[in-house]
Every structure is written in structure tokens, then in C-alpha cells.
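Any value given below was found using the heavy atoms of this structure, including those in side chains, with hydrogens, waters and symmetry copies removed.
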Amino acid sequence: VRLVESGGGLVQAGGSLRLSCTASGFTSGLTSAHLTFSWFRQAPGKEREGVSCMSTANGGTYYPDSVKGRFTGSRHDSADTMYLQMNSLKPEDTAVYYCAAKETILVPTSRYDYDYWGQGTQVTVSS
């Protein structure tokens, strides 16, 4: 499975950005319906953390307190595209954002649980 992110950039604090992640290369009967898709971010010197995790199978979601109410993950079924809408951005949201996927109905939140990763897109929030 290949994941390609887009939509990163530079934004002022309080602004919004929407990231996109398009999935392709499904084989052996695997479809996006079998996958949990998530967004992670990694700031310099910090661990990669999950900011939006969403099970396609059962609709389960996870958001850490640091982004709850500001970030929303969604999915466009027919296009195998996932989105991360980020509102009220803060300088501490500055990081490289990654799309990730795993064949599961659960909602894992650890980076070590995911099998497929995009290349990442930089988000920079200026104060």
C-alpha cells in the first residue's frame, strides 16, 4: 500500500490547514475498507505521536487531548483519500505530519503498530 500526503505549508497561529493522504497499490484482496488510517506527527527531537486515528471498519476514532476539538480526521471512500482538517493551529503543532495505515478494525495509537507510511509533509505554524 502506498500513501502520499499533501497539503502541508506555512500558516500563522490561529489559522487552518487541511492535509490529504491518498492510498493506492492495494493487492491480494486488500482494500481501504480493511484498514485503519491515522495521522502522526513528529517535531524535531520528539517522538512520533498519533494525532488522529480512525477505523474504517467501525468508525472508532482517537484524538489526543493536545488536538481534540481542533483536528478532525475524515475519509473520502470512493477516492481512498483521507483528510486531516487542522483548525486553530498553534506554534507547537509545527511538525512533519505522516499518514499511516494498518490492516485492523482496531484503532492503534502507537507508531509501532502501523505497517504503511507516507513520506510526510511539513507543517509550520508561525507565532
Side-chain angles (χ1 to χ4, degrees):
V1 177
R2 182 169 180 251
L3 304 175
V4 179
E5 303 101 335
S6 62
L10 174 65
V11 64
Q12 288 189 330
S16 298
L17 278 176
R18 189 176 79 159
L19 306 183
S20 301
C21 172
T22 300
S24 62
F26 296 101
T27 60
S28 303
L30 181 67
T31 72
S32 61
H34 300 104
L35 302 176
T36 287
F37 290 94
S38 296
W39 290 93
F40 285 76
R41 68 184 180 187
Q42 189 165 19
K46 294 190 176 181
E47 290 289 319
R48 190 172 298 188
E49 63 169 344
V51 294
S52 172
C53 306
M54 181 170 56
S55 169
T56 302
N58 60 30
T61 60
Y62 162 80
Y63 298 95
D65 289 343
S66 58
V67 307
K68 199 171 291 183
R70 300 188 299 121
F71 289 14
T72 304
S74 62
R75 183 168 173 268
H76 188 300
D77 286 353
S78 63
D80 285 336
T81 300
M82 282 62 65
Y83 303 99
L84 181 66
Q85 179 67 43
M86 303 184 294
N87 299 326
S88 302
L89 282 161
K90 305 175 181 180
E92 51 262 45
D93 295 319
T94 295
V96 177
Y97 283 71
Y98 298 89
C99 178
K102 178 180 177 62
E103 186 180 359
T104 181
I105 64 170
L106 302 177
V107 187
T109 59
S110 169
R111 60 173 293 187
Y112 301 105
D113 291 325
Y114 285 81
D115 303 312
Y116 308 107
W117 290 89
Q119 81 286 355
T121 185
Q122 177 71 45
V123 171
T124 302
V125 184
S126 63
S127 58

Ignoring hydrogens, what is the shortest heavy-atom contact between [X] and [Y]? Give both atom names and the distance.
X: A13; Y: S127; value: CB-CA, 4.3 Å
X: L106; Y: T36; value: O-OG1, 2.5 Å
X: S32; Y: T56; value: O-OG1, 3.7 Å
X: D80; Y: M82; value: O-CE, 3.9 Å
X: S55; Y: I105; value: OG-O, 2.9 Å
X: P64; Y: Y62; value: CB-OH, 3.5 Å

- Pairwise distance OG(S88) to NZ(K90) - rounded to 0.5 angstrom: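 The OG atom of S88 sits 8.0 Å away from the NZ atom of K90.
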- Item | Nearest-0.5 Å distance, CZ of residue R18 to OG of residue S74 |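 If we round to the nearest 0.5 Å, R18:CZ and S74:OG are 7.0 Å apart.
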Give a yes or no on whether the backbone of [Y] and the side-chain of [X] come within a donor-acceptor separation of less than 3.5 Å.
X: T22; Y: T81; result: no
X: E5; Y: Q119; result: yes
X: Q12; Y: S126; result: no

Would you say the side chain of [Y] lies within less than 4.5 Å of the side chain of [X], judging by non-hydrogen atoms?
X: E92; Y: S66; result: no
X: Y63; Y: T72; result: yes
X: R70; Y: D93; result: yes
X: V123; Y: L19; result: yes
X: V67; Y: R41; result: yes
X: M86; Y: Y97; result: yes
X: L3; Y: Y98; result: no

Determine whether [X] and [Y] fall in the same hydrophobic cluster, where Ile, Leu, Val, Met, Phe, Trp and Tyr are linked whenever their side-chain heavy atoms lie under 4.5 Å apart.
X: V125; Y: V96; result: no
X: L35; Y: V107; result: no
X: F37; Y: Y116; result: yes

- Geometric cation-pi criterion, R48 with F40: 6.0 Å, 45°: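 The answer is no; the distance or angle limit is not met.
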- Task: Please list, chain by chain and in numerical order, all residues satisfying disulfide bond (SG atoms under 2.5 Å apart) with C21, sequence neighbours excluded.
- Result: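 For C21, the residues satisfying disulfide bond (SG atoms under 2.5 Å apart) (neighbours in sequence not counted) are C99.
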- Sequence neighbours excluded, which residues qualify as side chain to side chain donor-acceptor pair (under 3.5 Å) partners of E103?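 Side chain to side chain donor-acceptor pair (under 3.5 Å) list for E103, sorted by chain: empty.
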- Between H76 and Y83, how do the two ring planes meet: parallel, tilted or perpendicular, split at 30° and 60°?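 If you compare the ring of H76 with that of Y83, the planes turn out perpendicular.
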- Quick one: salt bridge (charged side-chain N to carboxylate O under 4.0 Å, His left out) partners of K68, sequence neighbours excluded?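 With neighbours one apart ignored, the set is D65.
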